[in-house]
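Here is the naming used below: chain letters follow the sequence lines, and residue numbers restart at 1 for every chain.
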There are 2 protein chains.
Amino acid sequence: MIKERKILQDYISRNSMKYTKQREVILEVFLATEGHVSVEELHQKLSEVEPSVSLATVYRTLNLFCKAGLAQKRKFGEGQTRYEHSVDHSHHDHLICTSCGKIIEFENPMIEQLQRQVAERNDFLVKSHRLEMYGLCADCRKKSASSS
Amino acid sequence: MIKERKILQDYISRNSMKYTKQREVILEVFLATEGHVSVEELHQKLSEVEPSVSLATVYRTLNLFCKAGLAQKRKFGEGQTRYEHSVDHSHHDHLICTSCGKIIEFENPMIEQLQRQVAERNDFLVKSHRLEMYGLCADCRKKSASSS
DNA sequence: GTGGATGCAAACGATTTGCAAGCAT
DNA sequence: ATGCTTGCAAATCGTTTGCATCCAC
């Protein structure tokens with residue numbers, strides 16, 4: 001918990017920015033949130049703690065977190081951008097349930113290996129990649145099976 | 001070339017829609033376009049042939065093409081949606097050059113196989129998936145190497 | 001002639017930005 | 001005090017939609 005605050009404070013002073021109340025509270029709420037939050041959702045949760053924080057500030061602050069290495073932007077299928085923690089969070093890909101919205105993370109070194117191979121064959125230098133599978137999670141499969 | 005028109009006409013009559021001049025010309029330009037077009041780009045090209053076609057109609061028509069099975073929507077990293085041909089075009093994934101915007105397609109059955117395995121392990125039913133690698137293509141690698 | 005299609009402009013949702021006021025340093 | 005930050009509202013971008021008109025059937 002303290003580690004992330006340190007990272008943020010470091011980044012902030014390194015860039016002659018200011019450590020404000022808003023940044024503090026947004027960081028807290030962000031860290032307390034599991035998984036992949038949208039700006040809207042975070043602003044929602046935030047409003048229970050500190051209702052005066054504006055949406056614009058949440059946008060600005062999440063972008064700051066990305067630059068500081070605390071968060072990572074992810075754009076899934078449709079709609080809004082989501083942010084996930086990036087401290088102590090190694091690379092992974094996602095299974096996304098199109099019914100309930102659940103996001104399952106996974107890692108697969110074999111796939112990564114094959115990706116590198118494909119890139120090499122195309123004389124392509126990979127900087128980042130994304131692998132997402134969309135479909136139904138176990139729970140939703142059960143539900144749709146029982147309703148039929 | 002004729003095949004796609006047939007598919008469109010079929011879809012249109014099956015759904016008691018109308019085969020208009022606009023749909024005809026948009027289809028032609030779309031088919032004559034390689035790779036992954038954005039609506040804006042298509043509208044641009046279109047304006048050289050038939051300047052009166054509105055952006056809104058291009059949007060509406062590309063969505064129609066998707067429903068008819070002629071095109072497929074793809075949302076890459078940022079910005080706008082792109083559309084690719086889907087007739088005689090089997091499943092594939094993409095390498096996207098972040099410098100010049102080039103998009104290279106590839107297929108890799110081994111990766112698909114491993115993906116299926118991951119899904120299974122998570123008791124997840126995959127409906128669709130996407131794999132994209134972002135980086136520098138061969139040409140842009142050369143350029144950046146020579147400029148340094 | 002009738003209902004679907006079009007062009008236009010307005011509406012949209014997500015995100016960004018300009019600006020005057022506010023607060024951390 | 002200085003200047004980075006904030007909240008607000010307006011602006012932006014890509015896309016969709018309402019509506020009067022138009023055209024394929």
Side-chain angles (χ1 to χ4, degrees), chain A residues 5 8-30 36-44 46-47 49-68 71-83 101, chain B residues 5 8-30 36-47 49-68 70-83 101:
Chain A
R5 183 172 312 151
L8 181 56
Q9 287 172 335
D10 282 3
Y11 182 88
I12 280 180
S13 60
R14 240 183 302 120
N15 292 76
S16 49
M17 295 175 166
K18 299 189 174 164
Y19 193 75
T20 62
K21 185 82 188 154
Q22 286 87 331
R23 287 170 179 175
E24 163 107 30
V25 66
I26 293 175
L27 178 61
E28 253 160 48
V29 176
F30 175 64
H36 308 73
V37 228
S38 70
V39 174
E40 202 63 61
E41 283 165 9
L42 199 60
H43 184 243
Q44 192 54 41
L46 216 38
S47 68
V49 184
E50 193 66 60
S52 62
V53 180
S54 75
L55 235 199
T57 295
V58 181
Y59 273 105
R60 288 189 271 233
T61 305
L62 282 172
N63 283 327
L64 166 63
F65 288 179
C66 289
K67 287 192 215 146
Q72 219 164 323
K73 249 183 181 153
R74 292 271 189 180
K75 289 201 179 197
F76 295 111
E78 310 288 318
Q80 347 88 306
T81 301
R82 295 188 164 273
Y83 293 81
Chain B
R5 183 171 313 149
L8 181 56
Q9 287 174 336
D10 282 2
Y11 182 87
I12 282 181
S13 63
R14 240 182 302 119
N15 292 76
S16 48
M17 293 173 167
K18 301 191 173 162
Y19 192 74
T20 63
K21 183 83 188 156
Q22 285 86 331
R23 286 171 179 175
E24 163 107 29
V25 67
I26 293 174
L27 179 61
E28 255 161 47
V29 176
F30 175 64
H36 308 74
V37 230
S38 70
V39 174
E40 204 63 60
E41 284 165 6
L42 199 60
H43 184 243
Q44 192 53 42
K45 296 192 185 205
L46 215 39
S47 68
V49 185
E50 192 68 58
S52 61
V53 179
S54 73
L55 236 199
T57 296
V58 181
Y59 274 105
R60 288 189 271 233
T61 305
L62 282 172
N63 283 326
L64 166 63
F65 289 179
C66 289
K67 286 192 216 145
L70 291 170
Q72 219 165 322
K73 249 183 183 156
R74 291 270 190 182
K75 290 204 181 195
F76 295 110
E78 310 289 319
Q80 347 88 305
T81 302
R82 296 188 164 272
Y83 293 81

statement: In terms of heavy-atom contacts, A:Gln22 and A:Val53 come closest through CG-CG2, 4.1 Å

message: Assess whether a salt bridge exists between A:Glu28 and A:Arg5, defined as any Lys/Arg side-chain N lying under 4.0 Å from an Asp/Glu carboxylate O.
response: yes

message: Return whichever of B:Ile12 or B:Arg82 has its heavy-atom-nearest nucleotide of DNA chain D closer to the 5' end.
response: B:Arg82

message: In this structure, how many angstroms lie between the C1' atom of C:dC12 and the CD atom of A:Glu40, rounded?
response: 14 Å

Positional range of nucleotides in DNA chain D within the contact set of chain A, heavy-atom, under 4.0 Å: D:dG3 to D:dC8

- request: Could you tell me whether the side chain of B:Ile26 reaches within less than 4.5 Å of the side chain of B:Glu50, counting heavy atoms only?
  value: no

field: Short side-chain N/O contact to C:dT15 OP1/OP2 from A:Thr81, under 4.0 Å
entry: yes

task: Take B:Arg23 and B:Leu64, measure what side chain to side chain contact (heavy atoms under 4.5 Å, CB included) needs, and give me the verdict at the end.
output: CA-CA 9 Å; B:Arg23 286 171 179 175; B:Leu64 166 63; 3.5 Å; yes

query: Where along residues 54-64 of chain A does a heavy atom come under 4.0 Å from DNA chain C, residue by residue in number order?
result: A:Ala56, A:Tyr59, A:Arg60, A:Asn63

query: When you measure from every atom of DNA chain C, which of residues 16-25 of chain A have a heavy atom less than 4.0 Å away?
result: A:Lys18, A:Tyr19

message: Is a donor from one side chain sitting under 3.5 angstrom from an acceptor on the other, for B:Lys67 and B:Asn15?
response: no

Minimum heavy-atom distance between B:Arg82 and B:Ser38, given as atom pair plus value: NH1-N, 3.5 Å

field: Atom pair CG/CD of B:Leu27 and B:Gln9 - distance to nearest 0.5 Å
entry: 9.0 Å

message: Could you walk me through whether B:Thr81 and B:Val39 satisfy the side chain to side chain contact (heavy atoms under 4.5 Å, CB included) test, starting with their C-alpha distance in whole Å, then the side-chain angles of each, then the deciding distance to 0.1 Å, before giving a yes or no?
response: CA-CA 7 Å; B:Thr81 302; B:Val39 174; 5.9 Å; no

task: Could you tell me whether the side chains of B:Glu24 and B:Tyr19 share a donor-acceptor contact shorter than 3.5 Å?
output: yes

query: Atom CD of B:Gln80 and atom C1' of C:dT15: how far apart are they, to the nearest Å?
result: 15 Å

Plane angle bin for B:Phe65 and B:Phe30 - parallel if under 30°, tilted between 30 and 60°, otherwise perpendicular: tilted

